[in-house]
Amino acid sequence: METHLTSTTQAAATEIDGDTHVHPVYLAGSRYTGDFALQPLLDLPDTRAHNDEYGNFYLTTADGRIRIGFIPEQDWDTLWQLAVAPGPFADPQWVASFSDDTPTEIVTAVTTKLADLYRPSEDAWLTERTAGPLEWIAPYAAAGWTAHEVDTGQLTLHSPDALAKVTYSLHALAREDAEQVGQDGRFTIGTVSRTGWYGRFSSGTPSRILDAASAAMLDPAPIPRYRSELGPFSRRTASITPITPPAPTPADLQRAAARARTAPRILQAAPADTGTRLAWTTTTPGPRRR
C-alpha cells in the first residue's frame, strides 16, 4: 500500500484508470493507495505530512484541527483514521474511521467535503449540526433501502441486494473512548458480510460530512477498477464489466504509422560482402572450427 503525493492536485487523466467497471460502488473495494483520499486535504495551505518508519502516512493541518492517518501497518483492520478537534491538543469534536477494504471513492468524498468546509480562521465549521436518525436514513430509504430490524438499539437499513447496510445507534454508546478512537460509531456504513468493509462516524459528525458519504455510497455510476485490484468479496458480489478500449481513429492510425517509420531499428544486417553475422544478435557465437 504505497502513497506517493504531490503538493498540488494533478489534472484529471483523460484515460480511464482501470480495465473494468464495477457496480455498485459499495462492492468495489479499495484501491489500496492513499493518494486519492489524501489529496484534497494535502491541497490545503501549509498542511504537514510525514511517514513513520513502518510506512504509515499522517497529515495534519497547520492549526492541528484536522488529523488524518493512512495506516496500513497496524494490528487491526482500520486503514483510515480521521479526527477533527478545536485545537492541536484538544479532544476530537468528531472522528471517522474506515477499514482496509472501504471503497476509496467513499473516503475521498468525505475528505473532499471536509476540505471544502475547513476554515482555519473560523469556528463555525467545527460545530455544525449533526444528523438525527431519520435524517441519516432518509437518502437510503429514498433509494429503496429497507429497514431490516431495530435490534440491540440500532436502526438498520439494508440495500436492495441485501449486501450493504447502514446503521444508527439509538442508545448511548457503551464507551466514549471507544468512539473517540474509532472502535465504535453513532453512524456506520458498510457491507453486511464481515469479509467486506465498514465506515464509522462518531456522535457530532456534521450532517454535510454524512451527506457526502451517503451520496458516494448511493452513486449509481459504475467506477473503474483494475481487475487485479479486486478482492475475493468484490469478485463474488459485484457486477464487473470489462472496459472495451475505444476503436482507433484515422488520426490515431496515422500517428502510429508515422512512429513506425521513424522508430530506430534494433536489428540491422551487416553489409553482405563482409561475411559477418547480424550486427545485433540474441545468441552467442560458438567456437570456430579449425
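Judged by distance alone, with hydrogens and angles left aside, the side-chain atoms of Thr111 form no donor-acceptor pair with the main-chain N or O of Pro40 at under 3.5 Å. Formation of a donor-acceptor pair under 3.5 Å by the His21 side chain with backbone atoms of Ile243 is not found in this model. In this structure, Thr47 contributes its side chain and Leu42 its backbone to a donor-acceptor pair below 3.5 Å. Although no hydrogens or angles enter the test, the distance criterion places no donor-acceptor pair under 3.5 Å between the side chain of Asp17 and the main chain of Pro224. Checked by atom type and distance alone, the side chain of Asp101 never pairs as donor or acceptor with a backbone atom of Gly196 at under 3.5 Å. When atom types are taken as modelled, the side chain of Thr191 and the backbone of Trp197 share a donor-acceptor pair closer than 3.5 angstrom. Looking only at distances, a side-chain donor or acceptor of Ser159 sits under 3.5 Å from a matching main-chain atom of Leu163. Remark: the backbone N or O of Thr167 is paired with a side-chain donor or acceptor of Trp136 at under 3.5 angstrom. Remark: side-chain polar atoms of Thr20 are paired, donor with acceptor, to backbone N or O of Arg225 under 3.5 angstrom.
In this structure, Gly190 and Met217 approach most closely via the heavy-atom pair N-CE, 3.7 Å. Nearest heavy-atom pair across Thr205 and Val95 is OG1-O, 4.0 Å. Smallest separation of non-hydrogen atoms from Ile240 and Arg235: CD1-CA, 3.9 Å. Closest of all the heavy-atom pairs between Ala131 and Tyr168 is O-CE1, 4.1 Å. Considering all non-hydrogen atoms of both residues, Leu126 and Ala85 come closest at CD2-O, 3.7 Å. Looking at every heavy atom in both residues, Asp91 comes nearest to Pro86 through O-CD, 3.5 Å.
Hydrophobic clustering, with ILVMFWY side chains joined whenever heavy atoms are under 4.5 angstrom apart, keeps Tyr54 apart from Leu79. Both Val110 and Tyr26 sit in one connected hydrophobic cluster of ILVMFWY residues. Membership requires side-chain heavy atoms under 4.5 Å apart, directly or through other members. Linking ILVMFWY side-chain heavy atoms closer than 4.5 Å, directly or via other members, places Leu170 and Ile137 in a single hydrophobic cluster. Tracing side-chain contacts under 4.5 Å through hydrophobic residues (I, L, V, M, F, W, Y), one reaches Ile106 starting from Phe233; they form part of the same cluster. Follow the hydrophobic side-chain contacts under 4.5 Å out from Leu59 and you reach Val84 in the same cluster.
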query = Going through the checks in order, is the side chain to side chain contact (heavy atoms under 4.5 Å, CB included) test met by Ile189 and Phe201?
reply = CA-CA 9 Å; Ile189 58 178; Phe201 301 89; 4.1 Å; yes

query = Does the pair Leu82 and Ile66 meet the rule for a side chain to side chain contact (heavy atoms under 4.5 Å, CB included), with working shown?
reply = CA-CA 8 Å; Leu82 171 64; Ile66 297 176; 4.2 Å; yes

task = Show your reasoning for whether side chain to side chain contact (heavy atoms under 4.5 Å, CB included) applies to Phe187 and Thr130.
result = CA-CA 11 Å; Phe187 313 87; Thr130 189; 3.6 Å; yes

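The residue from Phe57, Trp80, Tyr58 that alone fulfils the ring-ring contact (aromatic ring centres under 6.0 Å, His included) condition with Phe70 is Trp80.
Using a 4.5 Å heavy-atom cutoff, the side chains of Arg186 and Ser202 are not in contact. Proximity of Thr104 to Ser30: side-chain heavy atoms (C-beta onward) are separated by under 4.5 Å at one or more points. For the pair Ile68/Leu114, no side-chain contact is recorded, criterion being any heavy-atom separation below 4.5 Å from C-beta on. By the 4.5 Å heavy-atom criterion applied to side chains, Asp52 and Ile71 are not counted as neighbours. Residues Pro160 and Trp145 form a side-chain contact, since some pair of their non-hydrogen atoms from C-beta on lies under 4.5 Å apart. Using a 4.5 Å heavy-atom cutoff, the side chains of Ile209 and Leu117 are in contact. Looking only at side-chain heavy atoms (C-beta outward), Thr241 and Pro222 stay at 4.5 Å or farther from each other. Residues Thr127 and Gln93 form a side-chain contact, since some pair of their non-hydrogen atoms from C-beta on lies under 4.5 Å apart.
The CG atom of Leu27 sits 9.5 Å away from the OG atom of Ser239 when rounded to the nearest 0.5 Å. Considering OG1 of Thr60 and CG of Asp46, their distance stands at 13.0 Å, rounded to 0.5 Å. The structure places CG of Leu230 at 9.0 Å from CZ of Arg31, a figure rounded to the nearest 0.5 Å. Atom OG of Ser169 and atom CZ of Arg200 lie 10.0 Å apart (nearest 0.5 Å). Here CG of Leu210 is found 12.0 Å from CZ of Arg208. Values are rounded to the nearest 0.5 Å. Residue Leu38 holds its CG atom at 8.5 Å from OG1 of Thr108, rounded to the nearest 0.5 Å.
Asp116 pairs by the side-chain hydrogen bond (donor to acceptor under 3.5 Å, both in side chains) definition with nothing, not counting sequence neighbours. Applying the side-chain hydrogen bond (donor to acceptor under 3.5 Å, both in side chains) test to Tyr118 and every residue at least two apart in sequence or in another chain returns Asp63. The salt bridge (charged side-chain N to carboxylate O under 4.0 Å, His left out) check on Arg129 picks up Glu135, with sequence neighbours excluded. Applying the side-chain hydrogen bond (donor to acceptor under 3.5 Å, both in side chains) test to Ser193 and every residue at least two apart in sequence or in another chain returns Thr195. Looking at residues two or more places apart in sequence or on another chain, you find a side-chain hydrogen bond (donor to acceptor under 3.5 Å, both in side chains) between Asp123 and Arg65.
For the residue pair Tyr32 / Asp100, no side-chain donor-acceptor distance below 3.5 Å is found, with atom types taken as modelled.
The distance between the ring centers of Tyr198 and Phe98 does not fall below 6.0 angstrom.
Note on residues 211-220: pairs passing side chain to side chain donor-acceptor pair (under 3.5 Å), not counting sequence neighbours, are Tyr140-Ser214.
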